[in-house]
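Only a predicted model underlies this, so the values are computations on that prediction, with no experimental measurement involved. Just so you know, these numbers use all the heavy atoms, side chains as well, and skip hydrogens, waters and symmetry mates. In this chain, numbering begins with 1 at the start of the sequence shown.
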Amino acid sequence: MRSAVSYALIAIIGGAVGAGVTQSGALYQKVVNHFAAKPSDPEGFWSTPAVEGYGKIHYEPDAAFKPVAGLSNKIVFQITRSDGEMTDVNLGLERVARVVNLYVASGVPAEDLKFVVSVTGDATPAMLDNAHFKQFYGVDNPNLKLIGELNKLGVKVSVCDQSVAFHHYPNDWIDKSVVHALSSPTTVSTLENQGYAWLQM
């Protein structure tokens, strides 16, 4: 009797496991389809209120720790990497644009922003003028339009001249919209001593 019950239990468990294995393929496919589908956002979900076309934000008016008009609003952004393809806009510059958009969306006038960008290391080629960038990478420099938009808003974009030298670029290969700084570390330390917050991008 015991063996008959045991066989019955084994058959039931085996059937359940078999059914689970059979359905696991369908379940797996559902999970794959869920994560493979690109999420769609409602119209107006993203915006670029200050730097048009760059650094898109989703603004939440009730979020905590928002920027406040009337404070010093002094930031030095340091960009040391070139994430992604060199022929795309540097992601560090995109992140700077996002911060500008967030400040402006929070009610801080663009003219009150005291933002300096310090570019060094692997990000240095993004500062090349169009002719030399095209010579190296075969396309127009995609960063120059964004740098121009940041300059219009009073954001200074600088390049570390030590990195320029390490890359063996003559100084005049750097685009005219970019400020030459002695170095990125001294830019950051000098501005921090003047009360700037430092953000690594």
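Applying the ring pair (Phe, Tyr, Trp, His ring centres under 6.0 Å) test to Tyr54 and every residue at least two apart in sequence or in another chain returns nothing. The ring pair (Phe, Tyr, Trp, His ring centres under 6.0 Å) test applied to Tyr137 returns Phe133, not counting sequence neighbours. The ring pair (Phe, Tyr, Trp, His ring centres under 6.0 Å) search around Phe65 returns none, not counting sequence neighbours. Annotation: ring pair (Phe, Tyr, Trp, His ring centres under 6.0 Å) contacts of His180 (sequence neighbours excluded): none. By the side-chain contact (heavy atoms from CB on, under 4.5 Å) test, Glu111 is found to be paired with Pro109, residues two or more places apart in sequence or in another chain being considered.
Follow the hydrophobic side-chain contacts under 4.5 Å out from Ile79 and you never reach Trp198; the two are in separate clusters. Note on Leu144 and Leu128: same hydrophobic cluster, where clusters join Ile, Leu, Val, Met, Phe, Trp and Tyr whose side-chain heavy atoms are under 4.5 Å apart, directly or indirectly. Cluster annotation: Leu102 and Tyr196 are assigned to distinct hydrophobic clusters (Ile/Leu/Val/Met/Phe/Trp/Tyr, side-chain heavy-atom contacts under 4.5 Å, transitive). The hydrophobic clustering, which links ILVMFWY residues whose side-chain heavy atoms are closer than 4.5 Å, places Val179 and Leu150 apart. A chain of hydrophobic side-chain contacts below 4.5 Å, direct or via other Ile, Leu, Val, Met, Phe, Trp or Tyr residues, connects Val178 to Val100.
Between atom CG of residue Leu191 and atom NZ of residue Lys156 there is a gap of 9.0 Å, rounded to the nearest 0.5 Å. From Ser82, atom OG reaches atom CG of Leu93 across 9.5 Å, with rounding to the nearest 0.5 Å. Remark: Asp161 CG to Ile174 CD1 distance equals 7.5 Å, nearest 0.5 Å. The CE atom of Met127 lies 7.5 Å from the OG atom of Ser177; values are rounded to the nearest 0.5 Å.
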Evaluation steps, side-chain contact (heavy atoms from CB on, under 4.5 Å), between Asp175 and Ile147: CA-CA 10 Å; Asp175 195 75; Ile147 293 169; 5.8 Å; no
Please step through side-chain contact (heavy atoms from CB on, under 4.5 Å) for the pair Thr124 and Val159, ending with a clear verdict. CA-CA 7 Å; Thr124 305; Val159 67; 4.0 Å; yes
Please step through side-chain contact (heavy atoms from CB on, under 4.5 Å) for the pair Met201 and Val96, ending with a clear verdict. CA-CA 8 Å; Met201 305 307 281; Val96 171; 4.2 Å; yes
Evaluate Arg95 against Asp83 for side-chain contact (heavy atoms from CB on, under 4.5 Å), listing each step before the verdict. CA-CA 12 Å; Arg95 292 178 189 120; Asp83 299 326; 3.7 Å; yes
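Counting only distance, with no hydrogens or angles, the side chain of Gln200 and the backbone of Gln78 share a donor-acceptor pair below 3.5 Å. Asn141 contributes no side-chain N or O that, together with a main-chain N or O of Lys134, makes up a donor-acceptor pair within less than 3.5 Å. Judged by distance alone, with hydrogens and angles left aside, the side-chain atoms of Asn73 form no donor-acceptor pair with the main-chain N or O of Asp112 at under 3.5 Å. Judged by distance alone, the side chain of Ser163 and the main-chain N or O of Gly121 form a donor-acceptor pair under 3.5 Å. Using a distance-only test at 3.5 Å, with no hydrogens or angles considered, a donor-acceptor pair links the side chain of Asn101 to the main chain of Gly55.
Nearest approach of Val104 to Leu113, heavy atoms of both residues: CG2-CD1, 4.4 Å. The two atoms that bring Lys56 and Arg98 nearest to each other are O-NE, 3.0 Å, heavy atoms only. For Thr187 against Ser158, the heavy-atom pair with the smallest separation is CG2-OG, 4.4 Å. Ala69 and Val108 make their closest contact through N-CG2, 3.6 Å (heavy atoms, listed as atom of the first residue, atom of the second, distance).
Inter-residue side-chain proximity for Lys74 and Val116 is flagged as unmet; no heavy-atom pair is nearer than 4.5 Å. Annotation: side chain of Leu153 is not in contact with side chain of Glu149 (no heavy-atom distance under 4.5 Å). Annotation: side chain of Val155 is in contact with side chain of Val117 (closest heavy-atom distance under 4.5 Å). Side-chain contact between Met86 and Asn143: absent, with no pair of heavy atoms (C-beta onward) separated by less than 4.5 Å.
Summarising the local packing, NZ of Lys66 is surrounded by more than 12 heavy atoms from other residues, nucleotides or ligands at distances under 6.0 Å. Other residues, nucleotides and ligands contribute at most 12 non-hydrogen atoms within 6.0 Å of the CZ atom of Phe166.
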Please tabulate, one pair per line, all N/O donor-acceptor pairs under 3.5 Å involving side-chain atoms of residues 43-52, not counting sequence neighbours.
{"residue": "Trp46", "atom": "NE1", "partner": "Asp41", "partner atom": "OD2", "Å": "2.7"}
{"residue": "Thr48", "atom": "OG1", "partner": "Gly53", "partner atom": "N", "Å": "3.1"}

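With respect to the salt-bridge test (charged N to carboxylate O, under 4.0 angstrom), the residues Asp122 and Arg81 do not qualify.
Between Trp173 and His132, the ring planes lie parallel to each other; the angle is under 30°, not in the 30° to 60° tilted range.
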